[in-house]
K.L.:
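Please see the structure below; I have some questions.
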Amino acid sequence: MKKILILLFLLAPYLVNAQDWFKANALCVSIDNVNDEWQKCNIPVCLGDDRKVTIYAQETQTIRALSNVEDYADESGVSGMFWQAVDQKGTKCIVNIQSDEKSYIHLILTFYEDNYAICYNLIPDD
C-alpha cells in the first residue's frame, strides 16, 4: 500500500498537468561507473508538465521527455519511473525518479553517451 501511495505521489504532477517543487539537499556524480561522495547542496528542482524537469543550479538545466514513462517496483520496496529525455543542449539522457518505503526520493540523470550520471536527493519544498 505504501508503494502505491509513493508511486501516486510521484505520478500526480504528470496526471494533473501541475508542477511539483523540491529541493535537492545532496548530490552525487558518477563518472565511468565510479561514484563520487555525496555533496551537500541547496538546489531548487521543478518536476513539471509533460515530464519536464528543471534544475536551478548555477546553470539552469531543463530536461524534456522524448518517450513515455515506464513504471517499476521491486521486492525490496523501491519503486519509481523513468523515461528518455534530452537537455537544453540536445544531449540525450535517461531520467529516473525513484523512492523506497522510507520515503527518500532520488532524481537520477544518466547521460549515457558521455558516460556519467548525477543523482539528486530530493525533499519536498515547503
Side-chain angles (χ1 to χ4, degrees):
M1 181 65 163
K2 201 172 196 180
K3 287 187 234 180
I4 293 171
L5 289 175
I6 291 171
L7 193 56
L8 287 175
F9 171 76
L10 291 172
L11 287 175
Y14 304 107
L15 298 175
V16 296
N17 292 331
Q19 294 181 347
D20 212 359
W21 286 89
F22 294 89
K23 285 276 187 193
N25 64 359
L27 66 86
C28 181
V29 177
S30 174
I31 300 173
D32 294 328
N33 294 321
V34 177
N35 290 339
D36 200 0
E37 297 291 321
W38 282 95
Q39 303 170 16
K40 290 184 179 183
C41 66
N42 187 21
I43 301 172
V45 176
C46 179
L47 303 179
D49 296 343
D50 301 326
R51 299 171 315 277
K52 178 180 159 188
V53 177
T54 307
I55 302 164
Y56 296 94
Q58 287 179 338
E59 179 181 327
T60 299
Q61 186 174 18
T62 303
I63 313 282
R64 298 185 189 278
L66 294 176
S67 69
N68 292 325
V69 171
E70 304 264 343
D71 297 327
Y72 63 90
D74 66 22
E75 58 279 347
S76 70
V78 175
S79 62
M81 57 188 171
F82 66 93
W83 61 90
Q84 292 183 359
V86 64
D87 71 6
Q88 73 274 7
K89 296 177 183 175
T91 306
K92 291 182 181 178
C93 64
I94 296 173
V95 176
N96 183 357
I97 300 174
Q98 65 178 227
S99 180
D100 75 352
E101 292 179 5
K102 297 181 176 94
S103 300
Y104 78 76
I105 303 170
H106 285 165
L107 167 64
I108 305 164
L109 305 175
T110 304
F111 296 89
Y112 46 90
E113 291 176 358
D114 296 331
N115 207 20
Y116 78 96
I118 305 171
C119 180
Y120 296 93
N121 187 62
L122 302 181
I123 56 173
D125 191 19
D126 295 332

K.L.:
Apply side-chain contact (heavy atoms from CB on, under 4.5 Å) to K92 and E113, showing your working.
P.N.:
CA-CA 7 Å; K92 291 182 181 178; E113 291 176 358; 4.2 Å; yes
K.L.:
List the residues meeting side-chain contact (heavy atoms from CB on, under 4.5 Å) with E70, not counting sequence neighbours, and say none if there are none.
P.N.:
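Checked E70 against side-chain contact (heavy atoms from CB on, under 4.5 Å); matches are F82.
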K.L.:
Residues two or more places apart in sequence or in another chain: which of them pass side-chain contact (heavy atoms from CB on, under 4.5 Å) with A26?
P.N.:
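By the side-chain contact (heavy atoms from CB on, under 4.5 Å) rule, A26 matches W38, N121.
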K.L.:
About how many Å separate NE2 of H106 and OH of Y120, when rounded to the nearest 0.5 Å?
P.N.:
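Those atoms lie 13.0 Å apart.
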K.L.:
Quick one: which of N35, T110, N115 gives a side-chain hydrogen bond (donor to acceptor under 3.5 Å, both in side chains) with S30?
P.N.:
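That would be N35.
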K.L.:
What distance separates Q98 CD from D74 CG, expressed to the nearest 0.5 Å?
P.N.:
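Nearest 0.5 Å value for the CD-CG distance: 9.0 Å.
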K.L.:
Which is it for V78 and S99 under the side-chain contact (heavy atoms from CB on, under 4.5 Å) test, yes or no, and what are the steps along the way?
P.N.:
CA-CA 6 Å; V78 175; S99 180; over 6 Å; no
K.L.:
Might you point out which heavy atoms bring W83 and I97 nearest each other, and give the distance in Å?
P.N.:
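Heavy atoms of W83 and I97 come nearest at CH2-CD1, 3.8 Å.
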K.L.:
Decide yes or no for C119 and L27: does some side-chain heavy atom of the first lie under 4.5 Å from some side-chain heavy atom of the second?
P.N.:
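Counting from C-beta outward, C119 and L27 never come under 4.5 Å.
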K.L.:
How far does CG of L122 sit from CD1 of I43, to the nearest 0.5 angstrom?
P.N.:
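Between L122 CG and I43 CD1, I get 10.0 Å after rounding to 0.5 Å.
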K.L.:
As an exercise, state the distance from CD of Q39 to CG of N25, rounded to the nearest 0.5 Å.
P.N.:
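Q39 CD to N25 CG: 13.0 Å, rounded to 0.5 Å.
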K.L.:
Can you name the side chain to side chain donor-acceptor pair (under 3.5 Å) partners of S67, sequence neighbours left out?
P.N.:
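Checked S67 against side chain to side chain donor-acceptor pair (under 3.5 Å); zero matches.
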K.L.:
If you round to the nearest 0.5 Å, how far is CG of N96 from CG of L107?
P.N.:
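If we round to the nearest 0.5 Å, L107:CG and N96:CG are 8.5 Å apart.
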K.L.:
Going by the salt bridge (Lys or Arg N to Asp or Glu O under 4.0 Å) test, which pairs reach into residues 25-44, not counting sequence neighbours?
P.N.:
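Every candidate salt bridge (Lys or Arg N to Asp or Glu O under 4.0 Å) pair involving residues 25-44 fails, so no pair, neighbours aside, qualifies.
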K.L.:
Are Y112 and T91 close enough that some pair of their side-chain heavy atoms sits under 4.5 Å apart?
P.N.:
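No; the side chains remain at least 4.5 Å from each other.
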K.L.:
Can you tell me which residue pairs pass the salt bridge (Lys or Arg N to Asp or Glu O under 4.0 Å) test with a partner in residues 53-62, sequence neighbours excluded?
P.N.:
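Counting only pairs at least two positions apart or across chains, the salt bridge (Lys or Arg N to Asp or Glu O under 4.0 Å) contacts touching residues 53-62 are E59-K89.
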K.L.:
State, yes or no, whether a side-chain contact exists between D114 and I31 at a heavy-atom distance under 4.5 Å.
P.N.:
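Not touching, per the 4.5 Å side-chain cut-off.
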K.L.:
Where do R51 and A65 come nearest, in terms of heavy atoms and distance?
P.N.:
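Taking R51 first and A65 second, the nearest heavy atoms are NE-CB, 3.4 Å.
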K.L.:
Which ILVMFWY residues are connected to I108, directly or by a chain of links, through side-chain heavy atoms under 4.5 Å apart?
P.N.:
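Traced through the cluster, I108 reaches no other member.
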K.L.:
Who are the ring-ring contact (aromatic ring centres under 6.0 Å, His included) partners of Y116, not counting sequence neighbours?
P.N.:
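Scan of Y116 (ring-ring contact (aromatic ring centres under 6.0 Å, His included), adjacent residues dropped) gives F111.
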K.L.:
Show which residues join L66 in its hydrophobic cluster (side-chain heavy-atom contacts under 4.5 Å, direct or indirect), or state none.
P.N.:
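Reading the cluster by chain and number, L66 sits alongside V86.
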K.L.:
Is there a side-chain contact between K23 and V45, using heavy atoms and a 4.5 Å cut-off?
P.N.:
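Sidechains of V45 and K23: no contact.
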K.L.:
Can you list the steps and then say if V53 with T62 is a side-chain contact (heavy atoms from CB on, under 4.5 Å)?
P.N.:
CA-CA 6 Å; V53 177; T62 303; over 6 Å; no
K.L.:
Checking the side chain of Q88 only, and the main-chain atoms of Q61 only, is there a donor and an acceptor separated by less than 3.5 Å?
P.N.:
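Checked: no pair found.
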K.L.:
L109 versus V95: any side-chain heavy-atom pair under 4.5 Å?
P.N.:
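Yes, at least one pair of side-chain atoms sits under 4.5 Å.
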K.L.:
For a 4.5 angstrom cut-off between non-hydrogen side-chain atoms, does I123 reach I105?
P.N.:
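No. Closest side-chain heavy atoms not under 4.5 Å.
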K.L.:
If the condition is side-chain contact (heavy atoms from CB on, under 4.5 Å), which residues does Y56 pass it with, not counting sequence neighbours?
P.N.:
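Expected list: W21, P44, C46, T54, T60.
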